[in-house]
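Only a predicted model underlies this, so the values are computations on that prediction, with no experimental measurement involved. So you know, we letter chains A, B, ... as the sequences are listed, proteins then strands, and number each from 1.
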Amino acid sequence: MAQKPSIPKGTRDFNPEEVVKRDYIFNTIKSQFEIFGFQPIETPSFENSSTLMGKYGEEGDRLIFKILNSGDYLSKVNNDLYQTKDSNKMTSEISEKALRYDLTVPFARYVVQHQNDISFPFKRYQIQPVWRADRPQKGRFREFYQCDADVVGSNSLWQEIEFVQLYDAVFTALGLNGVTIKINNRKILSGIAEVIGAKDKLIDFTVALDKLDKIGEEKVKEEMVERGIPQSGIDTLQPLFRLKGDFGAQVAELMTILNTSEEGKKGIEELEFINKGIEALGLKTATLQLDVTLARGLNYYTGAIFEVAAPEGVKMGSIGGGGRYDDLTGVFGLKDMSGVGISFGLDRIYLVLEDLGLFPKTISNTVKVLFINFGADEAMACMKAIMRLRSNGIKAELYPDSAKMKKQMSYANNRDIPYVVLLGASEIESNSYTLKHMRTGEQKELSMEQLISALS
RNA sequence: GUGGUUGUAGCUCAGUUGGUUAGAGCGCCUGAUUGUGGUUCAGGAGGUCGUCGGUUCGAGACCGAUCUUCCACCCCA
């Protein structure tokens, strides 16, 4: 019986128009990546579970799609374990592969595995889909593209500066002007946690702080209390909620909070270096902004943290993020390999460009001219003409059946094909081509040379 | 993972307190018009009302389960 087909939740089909638009974004980003000296790599869609598990925290592990082993996987499970019905413990017995959850961890694996072939610092970019067993929401899917650029093997803060410039270059090239690149530093966050006596609660502290612009100061404080941060510490935080003004003013304010924390002071120093660099070099259309509440992906970031916000007035979460991770490859046995990287949120960028009407009109890839099919003899003549046009780089095609003209014309209309050529008995006899412009309805009888130049 | 929300024609949606044969607009097909589309007019096709089960003389409507959509949490791109 015919059943209604469907796709799994959180996945999407892309129609030709959407793929063309997405490719436009990919290509724009790629060309900037390459201008900045990054090289492409690709890694498999799925990895060994042991590569992925435990790298994203408990929450992350839950969101990893696990792949069932092949064959009679249950027969190999230890009976006692089976009786416990403990899904978490059994997962490792029946699933040894998992879909990749992001591109950063596979990249770390790649670096470790190919360390002898790589010249460091290694600058790579990667644009591939990733999968998360999340509940879908607006701009959040279970399968989506990630687009990362990373450098490993250099501690230099010039890398951070370059990434800020890269963000600026990409969004400028996409015509998305006025994005805000927010920057923070993990060392500052740990410094603050240290100062308020919550060093062991760094993650609780930052998760709460991250919500400041969303739920407000009071709610953040409430949450900090709930998460077990001492009230006295929260009180010393007071100046933090009042941070205002330009980069320099905020840094000065931070300095007063952090003057007892070596780590915090180091973080400020790093921020200042990056900011001074960017100030001296300038940005095209983006703005760099210090945001101490920024606390994403804390699981592996150790230095700078980036996040990009869409231009003001656009309702959309972050459209990019990244940061420095000093020890990403450590878990795979390669020590002292510092890396920095940034990521672009493709799907969200797509939605923002669509919203603002920023896709260029010229990216359409439709065929330029359709030849009307009048029958077998005429079709042969059409194919000869089409070969000429194609070898001149003109996208041309023949309507495959000698259907009613009305039908062929509507087809051209529906596909937005701008021109139609009528090549019937009378044209063949006079060795000419009737070219009709679909929008104006205007038509002319032309020679092959005239046809080529009209369509070029 | 928690709480809510949605599902009726290819698409966007009506459908009254449960009552005969479930509607509209757009799209599609045919014709007016056998070498001229996008306009107009006339006609036509297309639905196991998400799925399974229950209540009822009777269910698109009520109840349960399940899937799906969207939203808020959690988390995150």
Side-chain angles (χ1 to χ4, degrees), chain A residues 1-12 15 56-64 87-88 101-104 127-148 203-204 206-208 210-211 214-215 219 223 227 294-299 306-310 315-323 341-352 370-375 378 399 402-428 434-443 445:
Chain A
M1 272 291 113
Q3 53 169 10
K4 274 196 179 169
S6 63
I7 55 174
K9 90 167 134 186
T11 64
R12 297 156 293 166
N15 66 30
Y56 310 100
E58 206 176 311
E59 186 75 16
D61 282 358
R62 210 189 72 211
L63 297 178
I64 292 174
S87 304
N88 281 336
Y101 178 88
D102 72 356
L103 300 179
T104 309
I127 303 180
Q128 289 188 278
V130 303
W131 294 269
R132 295 187 186 179
D134 208 355
R135 282 251 190 125
Q137 256 179 61
K138 192 177 193 67
R140 281 174 74 165
F141 307 94
R142 302 178 92 178
E143 177 186 63
F144 60 97
Y145 273 89
Q146 265 194 353
C147 173
D148 283 19
I203 291 188
D204 286 300
T206 50
V207 165
D210 195 39
K211 295 179 183 165
K214 203 169 176 183
I215 62 176
K219 286 267 165 74
E223 187 163 338
R227 286 173 180 267
L294 190 61
R296 52 192 324 85
L298 259 139
N299 293 312
F306 299 112
E307 181 171 299
V308 182
K315 266 190 153 177
M316 184 59 71
S318 74
I319 53 176
I342 60 171
S343 175
F344 290 82
L346 257 318
D347 297 290
R348 288 179 175 186
I349 292 171
Y350 184 105
L351 292 171
V352 171
L370 178 75
F371 279 64
I372 299 293
N373 190 330
F374 288 109
E378 291 90 340
Y399 192 88
S402 60
K404 288 209 170 83
M405 214 166 152
K406 180 185 169 108
K407 188 166 183 172
Q408 303 193 39
M409 296 293 267
S410 323
Y411 177 77
N413 240 14
N414 292 342
R415 274 192 58 196
D416 262 331
I417 298 174
Y419 292 97
V420 154
V421 164
L422 292 95
L423 181 54
S426 62
E427 283 90 352
I428 291 175
T434 299
L435 178 69
K436 181 186 173 84
H437 188 243
M438 291 300 280
R439 205 171 42 233
T440 63
E442 191 187 341
Q443 61 190 65
E445 215 168 308

So, does the side chain of [X] form a donor-acceptor pair with the base of [N] at under 3.5 Å?
{"X": "A/Gln408", "N": "B/U36", "value": "no"}
{"X": "A/Arg135", "N": "B/U2", "value": "yes"}
{"X": "A/Arg140", "N": "B/C75", "value": "yes"}
{"X": "A/Lys436", "N": "B/U36", "value": "yes"}

Look at the side-chain N and O atoms of A/Lys407 and state whether any lies under 4.0 Å from the OP1 or OP2 oxygen of B/C28.
no

So, OP1 or OP2 of B/C28: does either fall under 4.0 Å of a side-chain N or O from A/Asn414?
yes

Criterion salt bridge (Lys or Arg N to Asp or Glu O under 4.0 Å) on A/Arg140 and A/Asp134, from CA distance to verdict:
CA-CA 8 Å; A/Arg140 281 174 74 165; A/Asp134 208 355; 2.5 Å; yes

5'-most contact on RNA chain B: A/Thr11 or A/Gly60, nearest heavy atom basis?
A/Thr11

Heavy-atom nearest nucleotide on RNA chain B taken for A/Ser410 and for A/Ser343; more 5' hit belongs to A/Ser410

Determine, for A/Tyr101 and A/Arg132, whether the Lys NZ or Arg CZ falls below 6.0 Å from the six-membered ring centre while staying within 45 degrees of the axis.
yes

Using a 4.0 Å heavy-atom cut-off, does [X] contact any base of the nucleic acid, only the sugar-phosphate backbone, or nothing at all?
{"X": "A/Gly375", "result": "nothing"}
{"X": "A/Glu378", "result": "nothing"}
{"X": "A/Arg12", "result": "nothing"}
{"X": "A/Ala133", "result": "nothing"}

Rounded off to whole Å, could you give me the CZ-to-P distance for the A/Arg142 and B/U69 pair?
9 Å

Taking CG from A/Asn413 and C1' from B/G27, how many angstroms apart are they, rounded to a whole number?
14 Å

Between atom CG of A/Leu351 and atom CD1 of A/Ile319, what is the distance when rounded to the nearest 0.5 Å?
11.0 Å

